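Some notes on the structure that comes next.
Keep in mind the model is a prediction, meaning the values are calculated, not measured. Starting from 1, each residue takes its place in the sequence as its number.
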Amino acid sequence: MKIFIDTAKLDEIKEACSWGIVDGATTNPSLIKKAVDTLKARNENIEMEAYIKQICETVGEGKPVSLEVISLTRGKMLEEAEILYHKFNEVADNVVIKIPINTYNGEDTTSNYDGLKVISELSMKNIPVNVTLIMSSEQALLAAKAGAKYASPFAGRIDDYIRKNLDIKFEKQDYFDFCLMEVIGEQRFYERIEDTSGKPPQSVYLDQEIKKCSNFAKDKGIGSGVDLIKSIMKIYKNYNMKTEVIAASIRNARQVREMAETGADIVTIPFNVIKEMIGHPKTVEGIKSFVADVVPQYSALFK
Ligand code: E4P
């Protein structure tokens, strides 16, 4: 499994790269804003072109750096993709263009398919595309059909969506307990089914409350962000699709482990979560005792 760092903060990218674990980086306009705001707070100015060149250089030759377009229509997205690719790919031959699967923003439905058009046009020109804002397996299937090099399903945002629909309060970093959700959902389902005993099967099948219970804590049958990645991996495998899955929108270390178990090709991880992955209280305890147990005869070897 490859690890990408999900940030536009150069100091975080430099630090994580120095640990030898970074295979690429992903940015988006919100991550760029966070980087700019952090520098502003330190009274530092940013010269965007030089800054992005430094990101590409730091991540290194051939290790993909995703840069996202900002427009919502075909023509403009294509123009921006070409600008980003030609300005920055020469630095380390590692630029990937991020295109949203669907640029519909609640106003103009004609832009529903512009993302797909751009993905296929860029892919035909051999400009690698990372399809972003994927929230369903159906969208991931279309991204692969359009020729995307990478598909980025937003696992954390699906967990957020499911919990929000259930009015569950949570912090951004909280673990999404899909096993618990499943158990609660099953309980509700069986309680409801028992209520209907004696009724004809067709009325049970059409019962709206039962339908709700059988889809409890699910987004059209998808029970969590991890579930979404599993489903996409399975579909791509079924048809030998070459698009690589980047599990994105990662919230905590346990979620990274679950993503690795799904066989996701890549997980893009925020810097704080990469840091969280290294810790365990028993490791701290172990280090303390190893240091305390060093005998003089052994330490003499190093003198
Ligand atoms: C990366 O490609 C995505 O843009 C990023 O993981 C989104 O993460 P978020 O849901 O925490 O904003």
Side-chain angles (χ1 to χ4, degrees), residues 1-27 31-32 34-44 46 50-66 88 91-96 150 155-156 171-177 179 225-226 229 233 244-303:
M1 186 192 89
K2 287 184 179 151
I3 289 183
F4 287 4
I5 180 161
D6 196 19
T7 183
K9 292 185 185 169
L10 193 52
D11 48 358
E12 292 183 347
I13 295 174
K14 280 186 181 161
E15 179 67 10
C17 284
S18 78
W19 302 338
I21 48 103
V22 173
D23 302 301
T26 47
T27 71
L31 293 173
I32 302 248
K34 278 188 192 158
V36 169
D37 289 348
T38 309
L39 291 175
K40 232 196 253 166
R42 288 194 224 143
N43 281 325
E44 284 175 46
I46 198 167
Y51 187 83
I52 291 180
K53 282 185 174 163
Q54 264 186 285
I55 292 182
C56 295
E57 205 181 334
T58 308
V59 175
E61 198 77 22
K63 294 185 175 179
V65 173
S66 291
F88 300 111
V91 178
D93 194 18
N94 58 356
V95 170
V96 170
Y150 303 100
E171 299 292 332
K172 191 172 178 190
Q173 302 302 122
D174 287 350
Y175 175 67
F176 179 86
D177 199 332
C179 292
V226 173
I229 306 293
M233 291 302 297
E244 287 179 64
V245 174
I246 307 180
S249 186
I250 298 296
R251 307 286 194 235
N252 51 63
R254 189 165 167 185
Q255 197 183 27
V256 175
R257 181 223 302 168
E258 288 169 351
M259 291 307 171
E261 285 169 356
T262 69
D265 302 286
I266 301 151
V267 183
T268 188
I269 318 175
F271 186 58
N272 63 317
V273 178
I274 300 181
K275 286 201 289 183
E276 189 195 332
M277 288 166 70
I278 199 83
H280 194 285
K282 288 299 280 181
T283 308
V284 177
E285 189 187 295
I287 273 296
K288 281 186 184 161
S289 65
F290 287 162
V291 169
D293 287 346
V294 175
V295 291
Q297 296 89 328
Y298 189 62
S299 66
L301 293 174
F302 310 104
K303 287 188 180 133

As an exercise, state the distance from [atom1] of [X] to [atom2] of [Y], rounded to the nearest 0.5 Å.
X: N252; Y: R257; atom1: CG; atom2: CZ; answer: 9.5 Å
X: L39; Y: I46; atom1: CG; atom2: CD1; answer: 5.0 Å
X: N94; Y: S66; atom1: CG; atom2: OG; answer: 9.5 Å
X: I5; Y: E15; atom1: CD1; atom2: CD; answer: 9.5 Å
X: R251; Y: K172; atom1: CZ; atom2: NZ; answer: 4.5 Å

Nearest heavy-atom pair of [X] and [Y]: which atoms, and what distance?
X: Q255; Y: A155; result: NE2-CB, 4.1 Å
X: F302; Y: Y298; result: CE1-O, 3.4 Å
X: V256; Y: M277; result: CG1-CE, 3.8 Å
X: M233; Y: G263; result: CE-O, 3.0 Å
X: I3; Y: I21; result: CB-O, 3.5 Å
X: C56; Y: A92; result: O-CB, 3.6 Å

I'd like to check [X] versus [Y] (side-chain heavy atoms, cut-off strictly below 4.5 Å). Are they in contact?
X: Q54; Y: K14; answer: yes
X: F88; Y: V65; answer: no
X: M1; Y: V267; answer: yes
X: P270; Y: T7; answer: no
X: E61; Y: D93; answer: yes
X: L10; Y: I55; answer: yes
X: V22; Y: I13; answer: no
X: I266; Y: D23; answer: no

>> Is there a side chain to side chain contact (heavy atoms under 4.5 Å, CB included) between N272 and E12? Walk through the geometry before answering.
In response: CA-CA 9 Å; N272 63 317; E12 292 183 347; over 6 Å; no
> Can you tell which of V273, I250, I246 makes a side chain to side chain contact (heavy atoms under 4.5 Å, CB included) with T268?
Replying inline: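 For T268, the side chain to side chain contact (heavy atoms under 4.5 Å, CB included) test succeeds with only one of V273, I250, I246, which is I246.
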>> In terms of relative ring orientation, are W19 and F271 parallel, tilted or perpendicular, with 30° and 60° separating the classes?
In response: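 Taking F271 first and then W19, their aromatic rings lie parallel (interplane angle under 30°).
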> Is a side-chain N or O of Y51 found less than 3.5 angstrom from the main chain of A8, in a donor-acceptor match?
Replying inline: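 A pair under 3.5 Å: yes.
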> Salt bridge or not for K282 and E285, using N-O below 4.0 Å?
Replying inline: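 Looking at E285 together with K282, the answer is yes, because their closest N to O distance falls below 4.0 Å.
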> Under 6.0 Å from the CD atom of E261, do we count more than 12 heavy atoms belonging to anything else shown?
Replying inline: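 Correct, the count exceeds 12.
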